[in-house]
Structure formats: C-alpha cells, structure tokens
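Everything below concerns the one structure shown next.
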Amino acid sequence: MHQGQWAVLLWPYLLTASIPLDCRDEQGGLSHCPSISQEKLLDRVIQHAELIYRVSEESCSLFEEMFIPFPLQLQRNQAGYPCITKALPIPSSKSEIQQISDKWLLHSVLMLVQSWIEPLVYLQTTLNRYDGVPDMLLNKTKWVSEKLMSLEQGVVVLIKKMLDEEMMTTTYSEQGLFQDDGQPEMLEYVMRDYTLLSCFKKDAHKMEILLKLLKCRQNDMHSCA
C-alpha cells in the first residue's frame with residue numbers, strides 16, 4: 001500500500017491515540033497536570049512533542065507535493081524568508097546543547113513553543129487562499145496548532161514542578177512574518193508558507209530532542225548524548 005494511503009488510514013487514529021495533556025480546568029487554571037507525577041508529565045510532554053514533529057513532517061511533505069515544483073524546493077532557503085525563531089537565544093550545535101542546564105533546556109522548549117503558536121494560527125488562515133487545498137492538510141495544521149497549545153501548558157507545569165518557577169513568556173516578536181506587504185503574488189504566498197512549514201518542522205524536531213535529553217538526564221546524567 002502506498003505511504004500516502006497509510007497516512008489517510010492512520011490519521012483518525014493519530015488524532016485520538018495520544019494521551020491527553022490538557023492541563024486547564026473549567027476556570028482556565030492549570031489544575032489538572034499538577035496532580036500528575038513529574039515523571040509521567042515529562043513522558044506525556046515528550047509524547048506530544050513526538051507526535052507534533054511527526055505530523056509537521058507529514059504536513060510539510062503534503063504541502064510540498066501539492067504546491068511546490070521541484071526546482072522551487074531547492075530554493076526554499078533562498079526565498080528571503082528566514083526562520084522566525086532564528087533570533088531566539090537557543091543553542092543549536094550538539095556541543096552547546098550538551099552544556100546547557102536543565103533549566104535552560106526547559107525554557108528553550110517553552111520559547112520555541114510560544115514563538116510558533118501565532119504563526120500556526122496565521123498559517124491556517126493563509127491556506128484558505130489556496131485552490132484545491134486538501135482537507136487532510138487543513139486538518140493536520142489545525143491539529144498541530146491545538147496540540148502545540150497543549151504542549152505549552154504541559155511545559156509550563158513541568159517548569160513549576162522541576163524548577164519551582166512561574167511561567168516565562170517570550171518577548172520575541174513575529175512582526176517580520178506578518179507585516180503587510182500589500183497584495184503579494186500567489187507564488188510569494190506559497191514560498192512564505194513553505195518556509196514557515198519547513199522551519200516549524202525543524203523546530204518541532206528540536207523541541208523533541210531537548211525534551212528527550214532532559215528525560216535522559218533525569219535517569220542517568222552521564223550517558224546522555
């Protein structure tokens with residue numbers, strides 16, 4: 001069976017199979033997750049990050065197949081749209097990541113999560129401009145957007161549990177991404193959204209790596225690579 005057919009069959013399962021991470025109660029407070037042990041909460045946060053990365057990969061590939069001719073795929077990093085999180089003070093090399101503290105690991109994940117919440121909402125509105133956009137792509141981007149907000153809640157509670165600190169909010173502005181350029185050409189929309197999806201996929205993978213490193217450190221500090 002073709003890989004795309006498997007994705008169609010498994011997609012409803014992916015929507016329901018993950019362990020819920022919604023920490024908010026009916027009043028909007030974060031009262032649910034604090035009752036979960038730190039170890040189980042970290043496991044749930046990691047599972048959410050894994051799923052978000054997997055679905056972001058699928059979304060990016062689907063968008064690429066539908067809207068990006070191969071020659072333009074080679075130009076995505078030259079389209080004039082740098083990743084929106086490029087300016088964030090988050091280590092990127094393996095050696096830098098190994099040297100940062102657990103506190104900075106968690107805050108780095110939170111910065112990445114919070115920096116992507118608004119851009120993913122923005123992406124859902126821009127996709128409506130496309131002719132023939134498949135429902136699966138719309139559903140995947142909506143699912144990732146919702147799960148990212150749940151991930152934010154989980155990381156906030158994890159910071160409180162592990163570091164005894166209150167929530168840190170990022171001051172990074174996505175103004176460069178959302179600035180009004182008048183009426184850009186459709187190709188410009190496509191390349192901007194393609195860059196956004198590609199950058200988010202990369203950052204989603206980074207979130208997963210940082211959280212798994214944190215989990216490893218909780219078990220055996222000396223064997224984490």
Side-chain angles (χ1 to χ4, degrees), residues 11 13-25 28-60 83-85 88-92 97 100 102-124 137-163 165-172 174 177 196-218:
W11 175 241
Y13 173 77
L14 271 178
L15 289 175
T16 57
S18 59
I19 300 174
L21 187 61
D22 190 1
C23 298
R24 296 193 182 278
D25 54 30
L30 299 176
S31 65
H32 289 169
C33 286
S35 63
I36 305 172
S37 70
Q38 177 178 305
E39 182 179 5
K40 288 184 177 180
L41 179 58
L42 180 55
D43 287 340
R44 291 190 185 186
V45 166
I46 290 173
Q47 185 199 41
H48 260 59
E50 288 174 336
L51 282 173
I52 287 171
Y53 173 56
R54 187 191 314 171
V55 178
S56 72
E57 270 193 312
E58 295 168 359
S59 300
C60 193
C83 290
I84 61 171
T85 54
L88 291 179
I90 295 175
S92 55
I97 291 174
I100 63 176
D102 291 354
K103 174 180 178 178
W104 193 240
L105 277 177
L106 278 170
H107 282 312
S108 294
V109 173
L110 186 59
M111 277 193 288
L112 287 171
V113 170
Q114 292 177 335
S115 295
W116 277 108
I117 288 175
E118 286 188 22
L120 289 183
V121 172
Y122 162 84
L123 178 64
Q124 292 176 63
L137 180 58
L138 296 174
N139 292 338
K140 284 178 183 291
T141 54
K142 181 180 179 182
W143 183 90
V144 168
S145 181
E146 292 171 350
K147 289 299 178 184
L148 196 66
M149 287 186 274
S150 295
L151 181 61
E152 179 194 23
Q153 296 168 16
V155 173
V156 166
V157 177
L158 201 56
I159 286 175
K160 290 181 179 179
K161 280 179 173 289
M162 296 183 68
L163 307 177
E165 292 182 2
E166 293 300 317
M167 176 178 174
M168 182 190 73
T169 57
T170 59
T171 57
Y172 180 74
E174 296 92 0
L177 178 69
L196 190 148
L197 278 167
S198 300
C199 290
F200 177 70
K201 179 182 73 171
K202 182 179 70 174
D203 282 346
H205 192 211
K206 185 177 290 187
M207 295 174 206
E208 179 187 346
I209 289 173
L210 294 176
L211 287 167
K212 286 184 175 179
L213 175 59
L214 181 65
K215 173 71 174 180
C216 180
R217 286 181 177 183
Q218 302 303 301

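Keep in mind that the numbers below use all heavy atoms, side chains included, and drop hydrogens, waters and symmetry copies. In this text the structure is predicted, and so the values were computed from the model without any measurement. Residue indices begin at 1 and follow the sequence shown.
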Using modelled atom types only, decide if a donor and an acceptor are shared between the side chain of S56 and the backbone of Y53 within a distance under 3.5 Å. yes
Please report the shortest heavy-atom distance between P89 and W104, naming the atom on each side. O-CZ2, 3.2 Å
Pairwise distance CG(L120) to CE(M149) - rounded to 0.5 angstrom: 9.0 Å
Which distance, rounded to the nearest 0.5 Å, do you find between the CG of L214 and the CG of D102? 5.0 Å
Take V144 and F200, measure what side-chain contact (heavy atoms from CB on, under 4.5 Å) needs, and give me the verdict at the end. CA-CA 10 Å; V144 168; F200 177 70; 3.4 Å; yes
Please identify each residue that fulfils salt bridge (Lys or Arg N to Asp or Glu O under 4.0 Å) with K212, with sequence neighbours left out. E50, E208
Run the numbers on L51 and W143 for side-chain contact (heavy atoms from CB on, under 4.5 Å), then give the verdict. CA-CA 10 Å; L51 282 173; W143 183 90; 3.7 Å; yes
Taking the side chain as every heavy atom from C-beta outward, state whether S92 and K206 have any pair of such atoms under 4.5 Å apart. yes
Step by step, work out the side-chain contact (heavy atoms from CB on, under 4.5 Å) result for M207 and I52. CA-CA 10 Å; M207 295 174 206; I52 287 171; 5.7 Å; no
CG (L42) and CD1 (I46) are apart, to the nearest 0.5 Å, by 4.0 Å
Return the set of residues passing side chain to side chain contact (heavy atoms under 4.5 Å, CB included) with Q38 (not counting sequence neighbours), or none when no residue passes. L158, K161, M162, Q218
Taking the side chain as C-beta and beyond, is there a heavy-atom pair between Q124 and L138 under 4.5 Å? no
Sequence neighbours excluded, the answer for side chain to side chain contact (heavy atoms under 4.5 Å, CB included) partners of I209 is H205
To the nearest 0.5 Å, atom NZ of K201 lies from atom CD of E57 at 6.0 Å
Compare all side-chain heavy atoms of T85 with those of I90 and state whether any distance is below 4.5 angstrom. no
Could you tell me whether the side chain of S145 and the main chain of T141 form a donor-acceptor pair under 3.5 Å? no
Work out which heavy atom in L88 is nearest to a heavy atom in M111; give both atom names and the distance. CD1-O, 4.1 Å
Where is the tightest heavy-atom contact between L41 and G154, given as atom of each residue plus distance? CD2-O, 4.1 Å
Quick check: closest heavy atoms across P91 and I97, and the distance to 0.1 Å? O-CG1, 3.9 Å
Quiz question: by atom type and distance under 3.5 Å, do the side chains of Y122 and E118 form a donor-acceptor pair? no
From L148 atom CG to Q114 atom CD, the distance as rounded to the nearest 0.5 Å: 9.5 Å
Donor-acceptor check, side chain of S37 to backbone of K40, threshold 3.5 angstrom: yes or no? yes
Give a yes or no on this: more than 12 heavy atoms of other residues, nucleotides or ligands lie within 6.0 Å of atom NZ of K202. no
Working for side-chain contact (heavy atoms from CB on, under 4.5 Å), residues K160 and V156: CA-CA 6 Å; K160 290 181 179 179; V156 166; 4.2 Å; yes
Residue pair I84 / C199, side-chain heavy-atom distance below 4.5 Å: no
Is the closest side-chain heavy-atom distance between L137 and S59 below 4.5 Å? yes
W116 CH2 to D203 CG distance, which is reported to the nearest 0.5 Å: 6.0 Å
